[in-house]
> 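There's a structure below that I have some questions on.
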Amino acid sequence: MRKVFETISDVVLPAVVFLAVLAILLGSSLLGRVGARMEEPGEDFSQMGDSYAVQAFSERKLPEIRCIGKKLWDVGEVLSVSQTFSGIDTEGNSLEVTVLDITDQDGVSVIGCFSKESGQAVFASRGVYTFLLAAVDGQRKRSVGRISVLVDGR
C-alpha cells in the first residue's frame with residue numbers, strides 16, 4: 001500500500017502543479033481578451049470648465065517669502081516682522097507673513113522672544129536665529145520658508 005501511495009503521489013503531485021500553472025496562464029490570457037472586448041467609451045472631462053480651473057490652480061506658483069530688511073541686528077533691538085520679512089504671490093501682490101517658530105543656532109525654539117500681538121521679536125543674546133515663516137495667497141496656496149538673521153552686540 002505504501003508503494004502504491006508513493007507511486008501515485010510521484011505522478012499526481014507534478015500533474016496538479018502542471019495543471020495549476022496551465023490554468024493560470026490560460027486564465028490570464030482569456031481574461032485579458034474578454035476585458036479588451038468589454039471596453040466602453042467614457043466621458044472626456046478635460047474640456048469642461050472645472051477642469052480648466054483646477055489645472056490653473058494647480059499650476060499656480062507658491063507664494064515667495066523674502067527678507068526685505070536688514071539681516072544683522074543688535075542685542076535688544078526690536079525686530080519688526082512686517083518690516084523685515086515679506087511675502088509675494090504670483091501676481092506680485094504683497095502678502096502678510098506669519099511666524100510659526102524661531103530657533104537659535106542650536107535648534108532650540110526661542111519663540112518666547114516673539115510677541116504675536118505686536119509682531120515684534122527682541123533677542124537678549126547674540127547668535128543666529130532662524131525664523132520659520134508662512135505666507136498664504138488669495139487662492140489659499142501656502143508657502144513655508146526659513147530665513148536666518150544674525151544678532152550681535154558688537
Side-chain angles (χ1 to χ4, degrees), residues 13 16-154:
L13 185 61
V16 169
V17 171
F18 175 74
L19 289 175
V21 169
L22 188 63
I24 290 171
L25 292 175
L26 289 176
S28 65
S29 170
L30 180 66
L31 291 177
R33 280 193 240 142
V34 170
R37 294 182 76 197
M38 293 179 63
E39 287 183 13
E40 291 186 27
E43 288 189 48
D44 182 19
F45 295 105
S46 65
Q47 303 301 321
M48 295 189 173
D50 290 347
S51 63
Y52 289 128
V54 169
Q55 182 179 4
F57 178 74
S58 64
E59 290 176 353
R60 183 179 174 90
K61 292 183 180 179
L62 293 175
E64 187 177 334
I65 300 172
R66 296 180 180 171
C67 181
I68 57 173
K70 61 183 186 176
K71 286 192 160 194
L72 178 61
W73 297 83
D74 292 328
V75 174
E77 188 177 358
V78 176
L79 183 148
S80 175
V81 172
S82 62
Q83 294 175 355
T84 308
F85 306 111
S86 172
I88 300 172
D89 67 1
T90 303
E91 288 83 25
N93 300 323
S94 184
L95 301 173
E96 182 181 342
V97 174
T98 57
V99 176
L100 302 176
D101 195 14
I102 303 172
T103 56
D104 62 7
Q105 62 268 14
D106 298 324
V108 177
S109 178
V110 291
I111 194 71
C113 298
F114 176 69
S115 170
K116 283 188 178 184
E117 293 80 29
S118 65
Q120 298 175 339
V122 178
F123 300 105
S125 61
R126 297 175 28 186
V128 177
Y129 295 93
T130 303
F131 285 78
L132 180 62
L133 305 165
V136 179
D137 67 3
Q139 300 294 325
R140 307 295 296 161
K141 284 251 183 177
R142 183 174 191 243
S143 179
V144 177
R146 295 181 188 273
I147 298 178
S148 298
V149 295
L150 179 64
V151 176
D152 195 2
R154 295 184 211 175

> With sequence neighbours excluded, tell me which residues meet side-chain contact (heavy atoms from CB on, under 4.5 Å) with Thr130.
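With neighbours one apart ignored, the set is Thr103, Arg146, Ser148.
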> Can you name the nearest heavy-atom pair linking Pro63 to Ala135, along with the distance?
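The answer is CG-O, 3.9 Å.
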> Mind checking what makes side-chain hydrogen bond (donor to acceptor under 3.5 Å, both in side chains) contact with Gln139, not counting sequence neighbours?
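Expected list: none.
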> Could you tell me which residues satisfy ring-ring contact (aromatic ring centres under 6.0 Å, His included) with Tyr129, sequence neighbours excluded, listed by chain and number?
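With neighbours one apart ignored, the set is Phe123.
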> Quick check: do Ile65 and Ser86 have side-chain heavy atoms less than 4.5 Å from each other?
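When only atoms from C-beta onward are counted, Ser86 and Ile65 do not touch, as no gap falls below 4.5 Å.
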> Would you call Glu91-Lys61 a salt bridge at under 4.0 Å N-O?
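No, this pair does not count.
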> Hey, are the side chains of Leu132 and Ile102 touching, using non-hydrogen atoms and a 4.5 Å cut-off?
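Sidechains of Ile102 and Leu132: no contact.
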> Can you name the side-chain hydrogen bond (donor to acceptor under 3.5 Å, both in side chains) partners of Ser82, sequence neighbours left out?
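Expected list: Ser80.
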> Do the non-hydrogen side-chain atoms of Gln120 and Gln83 ever get within less than 4.5 Å of each other?
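The answer is no; the side chains never approach within 4.5 Å.
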> Taking the side chain as every heavy atom from C-beta outward, state whether Thr84 and Val97 have any atom pair closer than 4.5 Å.
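With C-beta onward as the side chain, the pair stays apart.
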> Kindly give the heavy-atom pair with the smallest separation between Gly119 and Phe114, and that separation in Å.
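Looking at all heavy atoms of both residues, the shortest contact is C-CE1, 3.7 Å.
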> Rounded to the nearest 0.5 Å, how far apart are CG of Leu133 and CD1 of Ile147?
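Atom-to-atom, Leu133:CG and Ile147:CD1 are 5.5 Å apart.
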> Not counting sequence neighbours, which residues clear side-chain hydrogen bond (donor to acceptor under 3.5 Å, both in side chains) with Glu64? List them please.
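Scan of Glu64 (side-chain hydrogen bond (donor to acceptor under 3.5 Å, both in side chains), adjacent residues dropped) gives Arg66.
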> Using the salt bridge (charged side-chain N to carboxylate O under 4.0 Å, His left out) rule, collect all pairs that involve residues 93-107, keeping only residues at least two apart or in two chains.
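As it turns out, there is no salt bridge (charged side-chain N to carboxylate O under 4.0 Å, His left out) pair with a partner in residues 93-107 once direct neighbours are skipped.
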> So, using salt bridge (charged side-chain N to carboxylate O under 4.0 Å, His left out) as the criterion, who are the partners of Lys71 when residues are at least two apart?
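Salt bridge (charged side-chain N to carboxylate O under 4.0 Å, His left out) check on Lys71 returns nothing, list empty.
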> Which residues pass the side-chain contact (heavy atoms from CB on, under 4.5 Å) test with Leu19, not counting sequence neighbours?
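By the side-chain contact (heavy atoms from CB on, under 4.5 Å) rule, Leu19 matches no residue at all.
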> Can you tell me how far CD1 of Ile88 sits from CG of Asn93, rounded to the nearest 0.5 angstrom?
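One gets 9.5 Å once the value is rounded to the nearest 0.5 Å.
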> Restricting to pairs with a member in residues 65-89, which pass ring pair (Phe, Tyr, Trp, His ring centres under 6.0 Å), not counting sequence neighbours?
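Those involving residues 65-89 are Phe85-Phe131.
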> Do you know which of Leu150, Val75, Asp74 makes side-chain contact (heavy atoms from CB on, under 4.5 Å) with Arg126?
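Exactly one candidate clears the test, Val75.
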> Using the salt bridge (charged side-chain N to carboxylate O under 4.0 Å, His left out) rule, collect all pairs that involve residues 128-143, keeping only residues at least two apart or in two chains.
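Only Arg60-Asp137 qualify under salt bridge (charged side-chain N to carboxylate O under 4.0 Å, His left out).
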